[in-house]
Number of protein chains: 2
Amino acid sequence: MSKSSNDSSVPTRLIHDTCLCLHTQRAARALARRFDEAFRPLGLTSGQFSLLNAMNRETPRSMGEVAAILAMDRTTLTANLKPLERQGLMKITVDAQDRRSRKLILTAAGKKLLRAAAPVWKRTHAALEREAAAAMSGIDIPNLRAGLRAIA
Amino acid sequence: MSKSSNDSSVPTRLIHDTCLCLHTQRAARALARRFDEAFRPLGLTSGQFSLLNAMNRETPRSMGEVAAILAMDRTTLTANLKPLERQGLMKITVDAQDRRSRKLILTAAGKKLLRAAAPVWKRTHAALEREAAAAMSGIDIPNLRAGLRAIA
DNA sequence: CGTAAATATATTGATATCAACTCTTTTGGC
DNA sequence: GCCAAAAGAGTTGATATCAATATATTTACG
């Protein structure tokens, strides 16, 4: 006889221990909280920091380009831009070459905030790498990044 | 003179390429979409699947325990339980030993849904691992999981 | 040229996420 | 036993996420 409560061919325990989706969500939540806290004095979240970064270039990107870079749904990007635009950190302009497309442009305030956030990021990321090394001896951070890219 | 637009000591490009927070968020979004799609015929999201899994045990867990397992804020868990409870997949009971605490208990419907979802998970995860191997030759999935645990 | 298909984005509705705050219950010091 | 501190959970408000759907613009075909 099999056990009464867990007779599935794929036990709960195996799924919990194995699932890359769960492991990635767990890490994503933990890292978001950590960077959110670090950026809080600047009135910025971790996601907003990544988003501003993706827009910080000479040649403005379109919504679709930024959404692809962040592996984010286009409609999520539309929503995420609203608070940034409201705070005057960036603006959305119609692309003159293709009037369906939008160019996402950082304002001076947005660039200034990014400059202020950069050392916070550097400090926080360095601490994260130190702790990761302590938690997992011989952790290979570049390899971890490559693995994350492979599953994204 | 330094360049006019990017004179920060930490260039945007370096942050974009390096940031583990961004890489993890990207992967988390992509995997959530993928598993959400696979579970859709069952009316389940990837997060709900992980949550039901965390509650599937003989000895019920409390909210705090489940939140810790998922690296999730306690208040997020409260919110996430609402649709599951409404759909009759689980119920929340007061712990008789400690009336502050809640025991999270899967219903028969919840267990049945989990059993139906298990093969979907198995299939989807196997496909993910295949594609990850194709994207990154020599990818070490157990090592990737360990790295995710180290940063969570 | 004109229209159907494709492309780029926006809106709506549901769930997810967390900080700040509140409420209830338990624990510890006395 | 009493009361302050601690612990567990719920509520509110803001942002994040995506599917389904809608709108505007461009492209392609005839």
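Residue numbering restarts at 1 for every chain, and letters A, B, ... go by the order of the sequence lines.
Here D:dT27 presents its C1' atom at 16 Å from CG of A:Asp95, a figure rounded to the nearest Å. Across the protein-nucleic acid pair, B:Leu104 atom CG and D:dG8 atom P stand 14 Å apart, rounded to whole Å. In this entry the distance linking CD of B:Gln25 with C1' of D:dT15 reads 13 Å, nearest Å. Separating the CD atom of A:Glu85 from the C1' atom of D:dA16 is a distance of 17 Å, rounded to the nearest angstrom. Between the CZ atom of A:Arg86 and the C1' atom of D:dA14 there is a distance of 9 Å, given to the nearest Å. Across the protein-nucleic acid pair, A:Arg100 atom CZ and C:dA5 atom P stand 16 Å apart, rounded to whole Å. In this structure, the CG atom of A:Asn80 is 15 Å from the C1' atom of C:dT11, given to the nearest Å. The CG-P distance, from A:Leu81 to C:dA8, rounds to 17 Å in whole Å.
The shortest non-hydrogen separation linking A:Ala132 to A:Ile141 is CB-CD1, 4.4 Å.
Taken from CZ in A:Arg100 to OG in A:Ser62, the straight-line distance is 11.0 Å, to the nearest 0.5 Å.
For the 3.5 Å distance criterion, the side chains of B:Asp36 and B:Ser46 qualify, holding a donor opposite an acceptor.
The listed nucleotides are C:dA10, D:dA16, C:dA8; the one nearest the side chain of A:Ser101 is C:dA8.
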Between the protein and nucleotides 18-21 of chain D, which nitrogen or oxygen pairs are less than 3.5 angstrom apart?
{"residue": "D:dC18", "atom": "OP1", "partner": "B:Arg33", "partner atom": "NH1", "Å": "2.6"}
{"residue": "D:dC18", "atom": "OP2", "partner": "A:Asp73", "partner atom": "N", "Å": "3.1"}
{"residue": "D:dC18", "atom": "OP2", "partner": "A:Thr76", "partner atom": "OG1", "Å": "3.2"}
{"residue": "D:dA19", "atom": "OP2", "partner": "A:Asp73", "partner atom": "OD2", "Å": "3.2"}
{"residue": "D:dA19", "atom": "N6", "partner": "A:Thr75", "partner atom": "OG1", "Å": "3.4"}

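Under a 3.5 Å cut-off, the side chain of A:Arg145 and the backbone N or O of B:Thr18 do form a donor-acceptor pair.
Within 4.0 Å (heavy atoms only), A:Arg99 reaches sugar-phosphate atoms of the nucleic acid but no base atom. Contacts of A:Gly64 with the nucleic acid, taken as non-hydrogen atoms under 4.0 Å apart, involve only primed sugar atoms and P, OP1 or OP2.
Between B:Phe49 and B:Trp121, the angle of the ring planes stays under 30°, which puts this pair in the parallel group of the 30/60° scheme.
Mapped onto DNA chain C by nearest heavy atom, B:Ala96 and A:Ile92 fall at different nucleotides, with A:Ile92 at the one closer to the 5' end. Of the two residues near DNA chain D, A:Asp98 and A:Thr45, the one whose nearest nucleotide lies more 5' is A:Thr45.
Each of B:Arg61, B:Lys111, B:Met90, B:Glu65 was scored for a side-chain contact (heavy atoms from CB on, under 4.5 Å) with B:Met55, with one residue passing: B:Met90.
Close to C:dT11, at under 4.0 Å from its OP1 or OP2, lies a side-chain N or O of A:Lys82. A:Gln97 has no side-chain polar atom (N or O) that falls below the 4.0 Å cut-off from OP1 or OP2 of D:dT26. Between D:dG10 and B:Thr78, a contact under 4.0 Å exists linking OP1 or OP2 to a side-chain N or O.
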| request: Just do the side chain to side chain contact (heavy atoms under 4.5 Å, CB included) check on B:Leu81 and B:Leu51 with the steps written out, would you? | output: CA-CA 9 Å; B:Leu81 289 177; B:Leu51 177 46; 4.0 Å; yes
